[in-house]
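First up is the structure itself, then whatever we jot down about it.
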Amino acid sequence: MAETTESGSGTGKALSPPRKSSWKYIGPGIVVAATGVGAGDLVATLIAGSKFGYTLMWAAVIGCVVKISLAEAAGRWHLATGRTLFEGWRSLGQWTTVYFAIYVVIWGFVYGATAMSSSALPVVALFPDGPGLKTWAIIMGLIGLVFVWFNQYAVFEKVMTVLIGIMFVVVVYVAFRVGPDIGASFAGLVPVLPDGSLLYTLGLIGGVGGTITMAAYGYWVNAKGWSDSGWMKVMRLDNRVAYITTGIFVVAMLIVGAELLHSSQLALTKGDRGLIDLGRILEDRYGAVTAKLFLVGFFATSFSSLIGVWHGVSLMFADFVERLQRDRKGAPVDEGTAREVAAGVKERSLPFRAYLLWLTFPPMALLWLDQPFGLVVVYGVLGAFFMPFLALTLVWLLNSSRTPAEWRNGLLSNAMLVAAGLLFIVLCVQQVREIPW
């Protein structure tokens, strides 16, 4: 195969695979890393560091390995088969369609409000004399809508790269600013479970960067212009870069939690507002400049998750609707749909834009209704079940004749995916138990 001369995406066609992997092709991994790490994930990591110091550093490392395995499996399915992940799920039976349909509608409704509020929080803190939280939340949602509506993957990836660059610089700067204990950091790589740390440990392994965006990774791989197995080595390099970057975020936030909070016995509010608490603590300790810089990083973290979901999950929804339409017409399974994603067809489709509107406008009502109780319960249950669903269906798909023999799971892939599935089942049970029934 000839070396491709195109290193970007959004060319309106599938690209020719290169002879060897190269850093210049990296992109979808940056997008999935920026989208998967939200403000709530950072707070959860901070709280783990504040409670147990550096002791759970090893769990963050294992979490990166688990995510690399899951995202690699999703990307491998798309490239090896030329089919999208939803097509794979559809081949497993009608139950997957029912589950996904309920999930993507309810999850999108509640997540839309959450993402808009999370993006607005640091803006309100940076401009306290400006509009209130609800107004800024609506503005954030509308900006996300307009940006994704009028731009295809190439521009989207560039903006996400800028946002993750801001996140990376800010989080690493704050970690160095608080002064990491290098010896304790390395000691934390030895697996230890302090009393009361089991759920925090499982959360660190399974929580950060573990969302529906992991399933969207294969779609972003295709949107980049990678549509066949010739891109497999490039995808694997891209994926490793993504979750090594995520790992650095996690380690940096653990350091902040351990040094700034654990030693002083300070507590944070759970959820996104915990980062506002941290901003105040940073201002007291290190001055207004460090605090404002942190709030800029907080905004980059939240807004990258917003536009990442607006784009990636809308791609999945468009594929879902198209598959249903083909089934109703009795059309045979089309093995060229990965190339349709690569050509940007789905980004211009009616279902893609309909789901964008669903993510943006109906959730605005929740900004005033404060998420009705029944909806929160259903959202929590469906969300808890998604990651086990993803891990175990990938095991099924990648060990069957649906995948070419050359690209089926080996022993290591199976071990990692099964372990991930079991881990997410435990986290699922715990999350369901914590729902305010």
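All residue numbers in this chain count up from 1 along the given sequence.
- Judged by distance alone, the side chain of Tyr355 and the main-chain N or O of Val104 form a donor-acceptor pair under 3.5 Å.
- The salt bridge (charged side-chain N to carboxylate O under 4.0 Å, His left out) check on Glu72 picks up Arg76, Arg236, with sequence neighbours excluded.
- Remark: Lys158 NZ to Ile30 CD1 distance equals 13.5 Å, nearest 0.5 Å.
- The distance from the CZ atom of Phe100 to the OG1 atom of Thr393 is 11.5 Å, given to the nearest 0.5 Å.
- Between Leu295 and Ile276 there is a side-chain heavy-atom pair separated by less than 4.5 Å.
- For Phe389 and Phe385, the gap between ring centers reaches or exceeds 6.0 Å.
- Contact record, Val31 with Met160: O-CE, 3.7 Å, taken as the closest heavy-atom pair.
- Applying the side chain to side chain contact (heavy atoms under 4.5 Å, CB included) test to Val105 and every residue at least two apart in sequence or in another chain returns Trp358.
- Here the CZ-OG1 distance, from Phe168 to Thr245, works out to 6.5 Å after rounding to the nearest 0.5 Å.
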>> Between Leu278 and Phe294, is the side-chain contact (heavy atoms from CB on, under 4.5 Å) condition met? List the steps.
In response: CA-CA 9 Å; Leu278 181 60; Phe294 175 75; 3.4 Å; yes

>> Assess the residue pair Ser314 and Leu359 against the criterion (side-chain contact (heavy atoms from CB on, under 4.5 Å)); give the C-alpha distance rounded to whole Å, side-chain angles, the decisive distance to 0.1 Å, and a yes or no.
In response: CA-CA 9 Å; Ser314 296; Leu359 281 168; 4.0 Å; yes

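- In the model, Thr360 has a side-chain atom that pairs as donor or acceptor with a side-chain atom of Trp310 under 3.5 Å.
- Looking only at side-chain heavy atoms (C-beta outward), Trp89 and Leu397 come within less than 4.5 Å of each other.
- From Leu324, atom CG reaches atom CZ of Phe320 across 4.5 Å, with rounding to the nearest 0.5 Å.
- The side-chain heavy atoms of Asn409 and Leu394, taken from C-beta on, include no pair separated by under 4.5 Å.
- Classified by interplanar angle (parallel below 30°, tilted 30° to 60°, perpendicular above 60°), the ring pair Trp107/Tyr103 is parallel.
- Between the side chain of Ser50 and the main chain of Ile47, a donor-acceptor pair closer than 3.5 Å is present.
- Residues Val123 and Phe299 share a closest heavy-atom pair of CG2-CD1, 3.7 Å.
- Thr246 contributes a side-chain N or O that, together with a main-chain N or O of Ala242, makes up a donor-acceptor pair within less than 3.5 Å.
- Side-chain contact annotation: Asp238 with Tyr217, donor-acceptor N/O pair under 3.5 Å present.
- No donor-acceptor pair under 3.5 Å is formed between the side chain of Ser304 and the backbone N or O of Thr35.
- Within a 6.0 Å radius of CZ in Arg240, other residues, nucleotides and ligands contribute 12 heavy atoms or fewer.
- Under the 3.5 Å distance criterion, the side-chain polar atoms of Ser118 are left unmatched by any main-chain donor or acceptor of Thr114.
- With hydrogens and angles ignored, the 3.5 Å screen pairs a side-chain donor or acceptor of Tyr99 with a backbone N or O of Phe386.
- Checking side-chain atoms of Arg408 against main-chain N and O of Thr403 turns up a donor-acceptor pair under 3.5 Å.
- With contacts defined as side-chain heavy-atom distances shorter than 4.5 Å, the pair Leu79/Asn222 qualifies.
- Side-chain contact check for Ile212 versus Met316: some heavy-atom pair is nearer than 4.5 Å.
- For the residue pair Asp181/Tyr54, the side-chain donor-acceptor check at 3.5 Å is not satisfied.
- With contacts defined as side-chain heavy-atom distances shorter than 4.5 Å, the pair Phe352/Val148 qualifies.
- Summarising the geometry of Ala71 relative to Asn239, their closest heavy-atom pair is CB-OD1, 3.1 Å, with the distance given to 0.1 Å.
- For Trp58 (side chain) and Val192 (main-chain N/O), a donor-acceptor pair under 3.5 Å exists by modelled atom type.
- Between the side chain of Ser349 and the backbone N or O of Val345 there is no donor-acceptor pair closer than 3.5 Å.
- Not one N or O on the side chain of Ser119 forms a donor-acceptor pair closer than 3.5 Å with the backbone of Met116.
- Taking both residues in full, the closest heavy atoms of Ser91 and Arg83 are given as CB-NH2, 4.1 Å, listed atom of the first, atom of the second, then distance.
- Between Trp226 and Tyr25, the gap from one ring centroid to the other reaches at least 6.0 Å.
- Here the side chains of Leu46 and Leu260 are not in contact, with every heavy-atom distance at 4.5 Å or above.
- Separation of atoms CG (Leu392) and CG (Leu92) is listed at 11.0 Å; rounding is to 0.5 Å.
- Counting all heavy atoms, side chain and backbone alike, Asn151 lies closest to Phe147 at ND2-O, 2.9 Å.
- Expressed to the nearest 0.5 Å, how far OG1 of Thr301 lies from CG of Leu163 amounts to 9.0 Å.
- Contact detail for Lys346 and Leu315: the closest heavy-atom pair is CB-CD2, 3.9 Å.
- With contacts defined as side-chain heavy-atom distances shorter than 4.5 Å, the pair Tyr219/Phe86 qualifies.
- Aromatic ring orientation, His311 versus Trp220: parallel (interplanar angle below 30°, classes split at 30° and 60°).
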